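Worksheet for the structure shown next.
Predicted model, so just to flag it, every value in this text is computed and none were measured.
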Amino acid sequence: IHIMFLTWLACLIYPAIRGRQHSWRDLSWLAAAAYAAVPVVNLATSEMHLGNTIADGDWVLAGFDLTCIATAALFAGVAVYLGKDTRKSTRKATIGAAEHIPLGSS
C-alpha cells in the first residue's frame, strides 16, 4: 500500500518537474508499459500464462491478460494522440510568433 501512495505522489510531483504538456504523455506511456508488462511477467513466472489459459479454456485468467493488453493499447493510443497534439501546438506557436516579427522596423 505504501508503494501505491508513493507512486501517486511521484505522479503528482512529476508534472512540476517536466511540465504539464509532456507529463500526461509520459505518464500514459508509463501506464502502457506497466499494463503490457503484466502478461509478460505472467509468461516468465507462471505456467498459467496466456498461451496455456486460452488452450485450457480458462477464460477468467485469459481475460485478465487480454484486458491488460487492451488497456496497454488504450494508454499507448492516448500517449500517441497527446504527442501529436503537443507537436501541433508547438508548431502553431512557432509559426504564430514568426508571423508577428516586424520586417522593416528601424
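- The cluster map of Ile, Leu, Val, Met, Phe, Trp and Tyr, joined by side-chain heavy atoms under 4.5 Å apart, puts V40 and L43 in different clusters.
- In this structure, I3 places its CD1 atom where only 12 or fewer heavy-atom neighbours from other residues, nucleotides or ligands lie under 6.0 Å away.
- What you find for R25 and L82 is that their closest heavy atoms are N-CD1, 3.9 Å.
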What pairs of donor and acceptor atoms, side-chain ones from residues 52-74 against any protein atom, are under 3.5 angstrom apart with sequence neighbours left out?
{"residue": "N52", "atom": "ND2", "partner": "E47", "partner atom": "O", "Å": "2.6"}
{"residue": "N52", "atom": "ND2", "partner": "H49", "partner atom": "NE2", "Å": "3.2"}
{"residue": "T53", "atom": "OG1", "partner": "H49", "partner atom": "O", "Å": "3.1"}
{"residue": "T53", "atom": "OG1", "partner": "L50", "partner atom": "O", "Å": "3.2"}
{"residue": "D65", "atom": "OD2", "partner": "N42", "partner atom": "ND2", "Å": "3.0"}
{"residue": "T67", "atom": "OG1", "partner": "G63", "partner atom": "O", "Å": "2.6"}
{"residue": "T71", "atom": "OG1", "partner": "T67", "partner atom": "O", "Å": "2.8"}

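- With values rounded to the nearest 0.5 angstrom, L27 atom CG is found 6.5 Å from Y14 atom OH.
- Residues satisfying the ring pair (Phe, Tyr, Trp, His ring centres under 6.0 Å) test with Y35, not counting sequence neighbours, are F75.
- Cluster membership check: W8 shares its hydrophobic cluster with I1, using side-chain heavy-atom separations under 4.5 Å among Ile, Leu, Val, Met, Phe, Trp and Tyr.
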